[in-house]
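Shown next, in structure tokens, is the structure this report addresses.
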Amino acid sequence: MYDFTAMTDSINKYLNVNFSPFWAGLIAMILLGVTILTFYSVLGLYLVYAERKICARMQNRVGPNRVGPMGLFQTVADLIKLLLKELIYIRNADALLFNIAPFIVIAASIMAIGAIPFAKGLQAIDLNIGVLYVLAISSLGVIGILIAGWASNSKYSVIGAMRSGAQIISYELSVGLALLCIITYAGSMQLSEIIASQKDGWWIFKGHIPALIAFVIFLIAGTAETNRGPFDLAEAESELTAGFHTEYSGIKFAFFFLAEYMNMFIIAAIATTLFLGGWLPFHLFQWDGFNRVMDFIPPVFWFFGKTALVIYLMMWFKWTFPRLRIDQLLTLEWKYLLPINLMNLVMIAFLTLMQWHF
Amino acid sequence: MSREDITELVARQLPEAKPGPCKQLLEFIVDAGHIRMLADYLKQNPLTKMDYLFCLTAADRKDGLNVLYFMTSSVYHHSVLIRVILADKAHPVVPTVSDLWKAAEFYEREVFDLFGIHFENHPDLRRIFLSDDWVGFPLRKDYKDTFTLER
Amino acid sequence: MKEILVDIDLKEKEEYIINIGPQHPSTHGVLRLETCLQGEEVKYIIPHCGYIHRGIEKMSEKLTYPQLLHLTDRMDYLSAHINNEAVALCVENAMEVQVSERVKYIRTILAELSRVASHQLWWAAFGMDLGALTTFFYGLRDREKILDIFEESTGSRLIQSFITPGGLMSDIHPNFQKRVKDFIKYFRTKLPEYDDLLTGNVIFRERTQGIGILSKEDAIDYGVTGPSGRGSGFHCDIRKIAPYSAYPLVEFNEITFAEGDTYHRYLVRMKEMWESLNIIEQLIDNIPQGEIMLNLKAIKAPKGDYYQRVETARGELGVYIVSDGGPSPARIKYRSPNFSNLFVLNKISAGHKIADLVAISGSLDLVIPDIDR
């Protein structure tokens, strides 16, 4: 019912008619870049605020409530503070690598946002290998982390970066395999096609048990990918001060911080798209009346609502559980998640062949 | 074991041990040369089994530096205090008991740090609280500190 | 201040030395742990204490007994009442005076409340060190209730100097009994929540079971007392071995386990909180009337040597007073439990990882000012 393809097509036509192809392309890129960067920053700010409020409530406190109504401008104030901080330069640190690391991490994160479908037609780029693209791009972030740890010239940072590197590389396998399960069901890697295949029901319901297993594994592996929750020993304050970003101050630290929250958003968005139906509304069986009402709510709300639910789950984990040690973390991945994932994938392949899903 | 039994045991093992002034604990005063033998005996003897050294300290008294060993048994819960009086305050030396009780290794470092008593054959005798270049031993009565501690 | 480095021989090529502390979020005080690591594995640890050495024993030689009492709370400040009680009992036994039953009851109740408060803070910090940051707030929220009770009766939350030779500084507030009974009822509903949050959690068990095993022989040899020693099977509870104050009148269990790992040291403290609540419950309704402070002309211990042992939240505290008959001691020595508990850290963490080191030192529950005095 709500279709943004008309709007994007009209903008495209307007540009192509009035400017030469080169300029049209350039202006389109600039428009898109500005939109995505604004969206990224604002969303990042409010994710930080949401985390602080949610964690405060779980800990029997109130959270930020002074700066702005209900504390809504708290993160803006924090951002201004970080911008005004002195940038500390480390002697004997590799200056080029030290400065480039936060940018690599943020660039990887922003590029992944580009592929996520927010509504029908509201997608920056709709590759036919959409899922693979998102996975590949978010893996570039690990390079930034390793560079940050190494270039800081400090033992604590190196230990943190090595731990983080090992963790992210291991869990990428699980993330990929869990997504592969849904791709097998849907038959395509293109994100808009995957959503289209969920018109008659979300994969988490249609795919019954194997899809549920894949969802749980994806959540666990996704949390580990972003160095969050019970898997955050790379930046465990009580052990290594702050791990790989110990030596960063001011805006560079803000980049790492922001990238962590936006990576969490990306994982939640991918989970929503593949398992929970993306921007599709919640339809119950064939109850037309109920479904019509659900259809009225704009898809952007559906998308952000589902993503918010997954993000809330991830925050809940973080503030409840203690952390895992590095060897326990890697044991979890290689000895438990990976075999379960592989067996799950085989089962799903079989189910798809037999058409034994809904 | 009762106090009389322990006194008898010690008297048989080391006749030179004298009774001490403490009323709350059973106390013996021995020489620096005999402390290791008596401590080892009390630790190994199955009737006393003094396997827990709960305090090792020193006090600067008029008759010299007194080194005090407080030991008890984790099984029988009877306690003994052994006092060694070192009359020579300039070069106080006493053999270590850190091979009998590991706890003694650290108590003796503290005594060395604050009193200057040297423990022979101690594995790692160096200061523990004060910095390594501190001059003097603060808990001695004749300690003069450069910034006024007492009014 | 110059510190001569110990001559460390790095045996293998991949060993490196890292300093944990003196300023560090998880050492809970100023303690420097010079750690030799190979990769993630700890080879050995050399603890350096003395950063907060204030010379309490030397200072006390110039102060009278009521004055030096105020210095004792600043050693192990989390169980301040018990430190005060140790000195008070030592002086009273030296002077051979007996305090009234009322004083004994109140001293024991305050000591047990201190113990519970100390264990609450320990639990809060232990969970936080392991990454469960919410436990910090839950533990402190419940501890506030005890601190409010202390403030109402003694005037101060953390460092009270309330129990003094001869009795107590003043009588307890009329609300004391009711507030303590309310607290017992409230906290008995919260302790199962604590178990839900940490004790039963799979991640927590993986982090603590089998880590930092201290054998009973080592515990006795190093003199590790308190819950850390009892977690290894060393029966060292002074409240049972040489009871003082109102302990002979109450019934409670001494909690010991044989395994000696971090998880069982944790369990000892959790169960001790239940036992402390039972002790308080047995005493709170029957506090007899009596005088609060003995009419002593002067607080002077007669000439001689006196030793008193008490059980603080962390282990056995000993007070040794050498007196020449004057109002000040000629020598006072505090045998602090944390001093003995610290040095076993090297023995039990060798071979574990850095993350385990944090769990182990959290389970030993060290308060650094008590180590350094």
Side-chain angles (χ1 to χ4, degrees), chain B residues 20-25 27 43 49-62 66 68 70-79 81 83 98 100-107 109-111 113-115 124 126-134 138-141 143 145 149-151, chain C residues 1-6 46-55 57-59 61-62 90 93-94 96 216-225 229 234-236 240-242 302-309 316 318 320 322 324 330-335 339-340 342-344 347 371-373:
Chain B
C22 183
K23 290 193 285 284
Q24 284 178 327
L25 292 168
E27 183 181 338
K43 182 174 180 219
K49 217 163 177 301
M50 304 275 188
D51 51 358
Y52 172 30
L53 181 77
F54 62 91
C55 189
L56 199 172
T57 182
D60 189 355
R61 309 291 288 139
K62 287 195 213 39
N66 292 5
L68 300 132
F70 295 79
M71 57 193 78
T72 185
S73 168
S74 66
V75 175
Y76 303 117
H77 301 305
H78 46 218
S79 318
L81 161 60
R83 186 189 297 257
S98 53
L100 296 172
W101 297 284
K102 197 81 166 76
E105 188 179 327
F106 308 101
Y107 293 135
R109 272 181 68 185
E110 184 188 345
V111 169
D113 190 7
L114 298 172
F115 285 92
D124 183 21
R126 57 192 164 94
R127 288 191 185 267
I128 195 169
F129 293 141
L130 303 170
S131 52
D132 287 316
D133 56 353
W134 192 277
L139 250 59
R140 290 200 187 193
K141 294 292 183 195
Y143 174 71
D145 56 316
L149 177 62
E150 41 249 358
R151 279 166 261 109
Chain C
M1 182 174 143
K2 191 175 63 131
E3 193 159 332
I4 299 169
L5 293 174
V6 178
I46 302 178
H48 295 261
C49 46
Y51 286 91
I52 191 167
H53 177 68
R54 293 151 292 176
E57 296 175 359
K58 178 81 179 177
M59 274 197 276
E61 292 174 8
K62 295 283 183 231
C90 195
N93 288 339
E96 290 171 4
K216 184 175 171 187
E217 292 71 34
D218 279 335
I220 302 177
D221 207 20
Y222 277 86
V224 176
T225 53
F234 177 23
H235 291 266
C236 54
K240 289 283 191 193
I241 296 175
K303 195 162 151 50
D305 296 8
Y306 311 97
Y307 195 93
Q308 175 69 35
R309 302 161 88 180
E316 174 192 330
Y320 174 62
V322 176
D324 280 333
R331 164 88 169 108
I332 187 164
K333 154 83 181 169
Y334 298 104
R335 184 268 181 209
F339 185 76
S340 313
L342 168 66
F343 292 101
V344 83
K347 184 107 203 267
I371 299 178
D372 296 344
R373 277 160 279 135

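Order of the sequence lines fixes the chain letters, A, B, ..., with proteins taken first and strands second; residue numbering starts at 1 for each chain.
- Looking at B/Ala104, neither its backbone nor its side chain comes within 4.5 Å of chain C, counting heavy atoms on both sides.
- Considering only heavy atoms from C-beta on, B/Leu114 comes within 4.5 Å of C/His53 through its side chain.
- For NZ of B/Lys43, the number of neighbouring non-hydrogen atoms (other residues, nucleotides, ligands) closer than 6.0 Å is greater than 12.
- When side chains are defined from C-beta on, C/Phe339 counts as touching B/Ile128, because their heavy atoms get closer than 4.5 Å.
- Contact tally against chain C (heavy-atom pairs below 4.5 Å) for B/Ser74, B/Pro21, B/Gly20: the top residue is B/Ser74.
- Here C/Glu96 does not pair with B/Lys23 in a salt bridge; the nearest charged N to carboxylate O distance is not below 4.0 Å.
- Comparing B/Leu139, B/Leu81, B/Asp60 by how many heavy-atom pairs each has under 4.5 Å with chain C, the most go to B/Leu139.
- Contact of the B/Tyr107 side chain with the C/Arg335 side chain is registered, since non-hydrogen atoms from C-beta on lie closer than 4.5 Å.
- Of the two parts of C/Ile220, the backbone and the side chain both hold a non-hydrogen atom closer than 4.5 Å to a non-hydrogen atom of chain B.
- Of the listed residues (B/Val75, B/Asn66, B/Leu25, B/Leu68), the greatest number of heavy-atom pairs within a distance under 4.5 Å of chain C belongs to B/Leu68.
- Taking the six-membered ring for Trp and thresholds of 30 and 60 degrees, C/Tyr320 and B/Phe70 have ring planes more than 60 degrees apart, a perpendicular arrangement.
- At a threshold of 4.5 Å between non-hydrogen side-chain atoms, the residues C/Arg331 and B/Arg61 do not count as touching.
- For B/Arg127, the side chain to side chain donor-acceptor pair (under 3.5 Å) test picks out B/Asp113, with sequence neighbours left out.
- Distance SG/C/Cys236 to NE2/B/His77: 9.5 Å, rounded to 0.5 Å.
- A cation-pi contact, defined as under 6.0 Å to the ring centre and within 45° of the axis, links C/Arg309 to B/Phe54.
- In this structure, C/Lys58 and B/Arg140 approach most closely via the heavy-atom pair NZ-O, 3.3 Å.
- The CD atom of B/Gln24 sits 8.0 Å away from atom OH of C/Tyr306, with the distance rounded to the nearest 0.5 Å.
- Residues B/Ala103 and C/Gly223 share a closest heavy-atom pair of CB-N, 4.2 Å.
- Note: C/Cys49 leads C/Gly304, C/Ala242, C/Cys49 in heavy-atom pairs under 4.5 Å with chain B.
- For the pair C/Asp305 (side chain) and B/Cys22 (backbone), a donor-acceptor distance under 3.5 Å is absent.
- For B/Glu110, the part lying near chain C is the side chain, with the backbone staying farther off; criterion is any non-hydrogen pair under 4.5 Å.
- Counting only heavy atoms from C-beta outward, the side chains of C/Tyr307 and B/Cys55 approach each other to under 4.5 Å.
- B/Lys141 contributes a side-chain N or O that, together with a main-chain N or O of C/Ala330, makes up a donor-acceptor pair within less than 3.5 Å.
- Summarising the geometry of B/Tyr52 relative to C/Glu316, their closest heavy-atom pair is OH-OE1, 2.8 Å, with the distance given to 0.1 Å.
- The candidate with the highest count of non-hydrogen atom pairs below 4.5 Å against chain B, out of C/Asp218, C/Asp324, C/Asn93, C/Ile52, is C/Asp324.
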